[in-house]
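Numbered from 1 within each chain, the chains take letters A, B, ... in sequence-line order. These numbers come from the heavy atoms of this one structure, side chains and all, not from hydrogens, waters or symmetry mates.
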Protein chains: 2
Amino acid sequence: MPTTTAAQKRARAKLEYDAFLAGCPSRQLLDRISDKWVALILAALAGDDSTGPRSLRYSELSRRLAGVSQKMLTQTLRSLERDGLVTRTVTPTVPVTVTYDVTDLGISLQRVMLGLKEWAEAHMGDVLTNREHYATRES
Amino acid sequence: MPTTTAAQKRARAKLEYDAFLAGCPSRQLLDRISDKWVALILAALAGDDSTGPRSLRYSELSRRLAGVSQKMLTQTLRSLERDGLVTRTVTPTVPVTVTYDVTDLGISLQRVMLGLKEWAEAHMGDVLTNREHYATRES
DNA sequence: CAGGATCCCGCTAGATACTG
DNA sequence: CAGTATCTAGCGGGATCCTG
């Protein structure tokens, strides 16, 4: 007896929808930049202040992003390199020197992130205010 | 013997940095929009296609976002309401009718998200290509 | 210096069942 | 219809130790 038909159809629909989501460029971008450290690394390499892009060594990045673990720093840098957003350059001095630079693609992404930053600075205050009011009202 | 001084200083620095991060508007915004369903809900309420904002009922949202669980849909809607990005309207028909609308603040956020979407559609292909090349090359 | 390899814990998404 | 409540497994991410 195919009494499971309804549940099966829902499950199938969900799979298809998930596949659709996984393939959606916007979704992929969101997944990319929502990594905790991506924005910070990009900002550091692109120049936090109004100076231009700059090379940074692994240890320099580690210092600038005081809260990051080596694991996450390495992992994030690898994924950014893989995606062509930063480049990794090994100079065989002794001990070895590794520098990271943002690519053109990375810079263009960074500009989008600046748009986010501007919205955040303009409106996050309102959001937080709403959040508090919501918390302090009953019924 | 204060041999732990170094480790303690690092731990303290990390806490401060984390606090700094937690208070950073950009970080908060990223945390907000990287929720898996926020972008979809906002897009649905703001009008996926080029039609304007529209009201949607809970069940309509549930259908449009085929992959979402009731729990996550409710939870996400609550948080968006709390932040003043959508409004929730209960009409005491029988059975009860609940509609959701995007606020002006939500619309302005949605516009920022559109910027993300454009970048994604323009450049995510490059990123994926880089990703593949990275995977298929050795050494 | 710049990582690689492991272990492990907390959180959260999801499934399921129930309700006004 | 529009949720609430509970339980659990999976995994992202940190801490720690080790290496070329």
Inter-residue atom distance A/L109.CG - A/I33.CD1, 0.5 Å rounding:
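The CG atom of A/L109 sits 6.5 Å away from the CD1 atom of A/I33.
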Say you draw a straight line from CG of B/D83 to CG of A/L128; how long is it, rounded to the nearest 0.5 Å?
7.5 Å
Rounded distance (Å) that lies between atom [atom2] of [N] and atom [atom1] of [X]:
X     : N      : atom1 : atom2 : result
B/E81 : D/dG3  : CD    : C1'   : 13 Å
B/L65 : C/dG14 : CG    : C1'   : 16 Å
B/L61 : D/dA2  : CG    : C1'   : 12 Å
B/R63 : D/dG3  : CZ    : P     : 14 Å
B/L73 : C/dA13 : CG    : C1'   : 14 Å

Do the side-chain N or O atoms of A/R88 get closer than 4.0 angstrom to the phosphate oxygens (OP1, OP2) of C/dG3?
yes
Give a yes/no on whether any side-chain N or O of B/R57 is located under 4.0 angstrom from OP1 or OP2 of D/dC1.
no
With clusters defined by side-chain heavy atoms of hydrophobic residues (ILVMFWY) lying less than 4.5 Å apart, directly or transitively, does B/F20 cluster with A/M113?
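A/M113 clusters together with B/F20.
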side-chain contact (heavy atoms from CB on, under 4.5 Å), paired with A/Y58, selected from A/T74, A/T97, A/V96:
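With A/Y58 as partner, A/T74, A/T97, A/V96 yield a single side-chain contact (heavy atoms from CB on, under 4.5 Å), made by A/T74.
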Verify side chain to side chain contact (heavy atoms under 4.5 Å, CB included) between A/R78 and A/R82, making sure each step is shown before the conclusion.
CA-CA 6 Å; A/R78 283 286 180 284; A/R82 186 193 58 178; over 6 Å; no
Once each nucleotide of nucleotides 4-20 of chain D is scored for protein heavy atoms under 4.0 Å, what B/S/- sequence comes out, 5' to 3'?
S--------BBBB----
Give the intermediate values and the outcome of side chain to side chain contact (heavy atoms under 4.5 Å, CB included) for residues B/S79 and B/R32.
CA-CA 9 Å; B/S79 66; B/R32 196 85 214 50; 2.5 Å; yes
